[in-house]
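Counting starts at 1 for both ligands and their atoms, in listed order.
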Amino acid sequence: MKEDTIAAISTPMGEGGIGIIRISGEESFKIAKKLFYPKSKISFEEMKPRTMYLGNIYDDEEKYVVDEVLLVKFKAPNSYTTEDMVEIHSHGGFTAVRKILNLVLRNGARLAQPGEFTKRAFINGRIDLSQAEAVIDIIRAKTDKALKVAVDQLKGKISEKIKEIMDSLLSVIALVEANIDFPEEEIPEASPDIILKNIYYNIERLNNLKEKAGAGKILREGISTVIIGKPNVGKSSLLNALLMEKRAIVTEIPGTTRDVIEEYINVKGIPIKIIDTAGIRDTKDPVEKIGVERAMEKVQGAELVLFVVDAFGELEEEDYKIIENIREKRLLIIFNKIDLGQKIDEQKVKELLPGKRIVKISALRDEGIELLREEIYELIVNEVGSLEEGIIITAQRHIEAINKAIESLKEAQITVENNLPMEISAIYIREAWEYLGEITGDSVKEDILDAIFENFCIGK
Ligand code: GDP
């Protein structure tokens with residue numbers, strides 16, 4: 001099928017050194033040739049692919065030079081989408097990139113939809129669906145570890161594993177079909193034993209893949225965290241102390257709201273997403289100050305609770321109220337202000353929240369913060385397993401597909417065990433194969449595709 005030519009600005013809108021306009025499709029070269037005048041006076045055809053050329057973008061209707069740019073062309077199939085592609089590197093900012101995009105559109109391209117470049121890479125067979133999804137995870141990765149897992153996925157590590165299982169299922173389906181179609185021929189018999197062995201083996205492999213799904217979800221989405229405690233125990237100071245180290249690695253970009261930058265804390269590679277930082281921070285204004293009540297609502301949805309108490313104070317009514325609400329949560333108890341000494345009844349706290357760890361810190365003096373990070377890390381890793389090695393499935397969509405595949409295989413198992421005709425087992429095994437194909441894109445439906453690529457940004 002002949003695709004139309006698409007174009008978009010691929011860099012974020014805002015002031016920056018450069019901005020990049022991307023064009024993909026059959027008309028890309030024709031359009032670029034019309035607009036671009038290389039300084040070296042060679043023709044567009046003479047320009048080598050994958051080589052930058054300096055030149056001007058010229059508006060032939062309004063007769064003026066829009067910007068001095070670098071242009072690079074990619075000849076099909078050696079491009080991101082596998083189609084002919086052009087990238088124009090103009091000066092950044094709002095005007096030049098937009099103006100150039102408009103010129104490209106006026107000359108026959110259409111504006112790309114979100115993720116359409118990546119979608120074309122998938123449709124044209126350069127990458128499979130899980131690899132396409134990895135692209136967005138790379139763009140959104142909050143920590144180095146999350147990035148590494150996404151890059152592994154882009155390299156095809158997950159697809160490889162899934163495809164191995166799909167191939168194994170297919171081999172047993174083929175065997176069953178051959179036995180049905182050519183019962184007289186000399187082919188290996190599709191005995192219940194062989195089929196069952198295959199089913200067990202593949203269920204086990206799928207379960208192994210799922211083992212790290214919890215870790216994957218956390219790496220991909222972060223772990224939603226609430227800092228709770230009575231007024232003045234030091235919640236806001238703790239947040240600041242936790243954010244302190246992060247500031248060293250995150251450059252503050254003028255014009256970006258602080259809340260956005262500071263939403264995630266990187267705890268040894270785990271993205272910790274602090275809910276309602278604004279609420280914690282509004283400490284000056286008593287009216288704005290987050291009420292314990294409001295924080296308690298947030299606790300319900302939180303995956304991690306940091307319960308701060310004043311080490312130099314006593315347990316009060318509000319503490320008891322909070323404790324009632326957080327018993328069941330993944331929780332760390334933080335004794336803050338330990339620099340002043342410890343007055344609080346530690347034994348009592350332990351009795352009220354049995355099995356929960358206590359970390360003693362001074363947010364003000366920045367003491368114990370590293371230990372707190374260790375404790376957060378341990379708490380999570382103990383539950384979801386190591387984030388270090390092995391293949392980590394991160395996407396909920398993949399986990400659901402794996403679950404459905406396991407269910408189908410279990411159905412198949414039951415049919416074999418009950419001596420039902422083996423073509424019935426084959427139907428269930430094929431169903432499992434199809435669910436797995438949703439991960440790689442071998443058997444994916446259009447609506448799922450649309451939903452996946454809608455999440456992308458324009459220009460990717
Ligand atoms: P919040 O209302 O829970 O957010 O508490 P704040 O973080 O605003 O802190 C309340 C007061 O306690 C402030 O005056 C802080 O300087 C002080 N504070 C916070 N952490 C510590 C600490 O570790 N040691 C001491 N001595 N004071 C602290």
Checking Thr5 against Ser28: is there a side-chain donor and acceptor pair closer than 3.5 Å? no
For Gly234 and ligand 1, does the shortest N/O to N/O distance drop below 3.5 Å? yes
Quick one: does ligand 1 sit under 4.0 Å from the side chain of Leu364, the backbone, both or neither, non-hydrogen atoms only? both
Close-contact set for ligand 1 against Lys235 heavy atoms, below 4.0 Å: 1 (P), 2 (O), 3 (O), 4 (O), 5 (O), 7 (O)
Candidates Asn336, Ile334, Asp310 - the one meeting side chain to side chain contact (heavy atoms under 4.5 Å, CB included) with Val233: Asp310
With Lys148 as reference, evaluate Val151, Asp152, Asp144 under the side chain to side chain contact (heavy atoms under 4.5 Å, CB included) test and give the passing residue. Asp152
Quick one: which of Asn202, Asn198, Ile414 gives a side chain to side chain contact (heavy atoms under 4.5 Å, CB included) with Leu409? Asn202
Neighbour count above 12 (heavy atom, 6.0 Å) for Arg357 CZ: no
Those atoms of ligand 1 less than 4.0 Å from some heavy atom in Ser362: 22 (C), 23 (O), 24 (N)
Distance-only polar pair, side chains of Glu133 and His398, donor-acceptor under 3.5 Å: yes
Do Ser224 and Glu303 get their side chains close enough for a donor-acceptor pair, meaning under 3.5 Å? yes
N or O contact, Leu340 vs ligand 1, cut-off under 3.5 Å: no
Are any of the N/O atoms on Ser237, whether in the backbone or the side chain, positioned under 3.5 angstrom from an N/O atom of ligand 1? yes
Give the numbers and elements of all ligand 1 atoms closer than 4.0 Å to a heavy atom of Asp339. 22 (C), 23 (O), 24 (N), 25 (C), 26 (N)
Polar contact flag for Ala363 and ligand 1 (N/O pairs, less than 3.5 Å): yes
For atom 20 (N) of ligand 1, which candidate among Asn336, Val308, Asn232 provides the closest heavy atom? Asn336
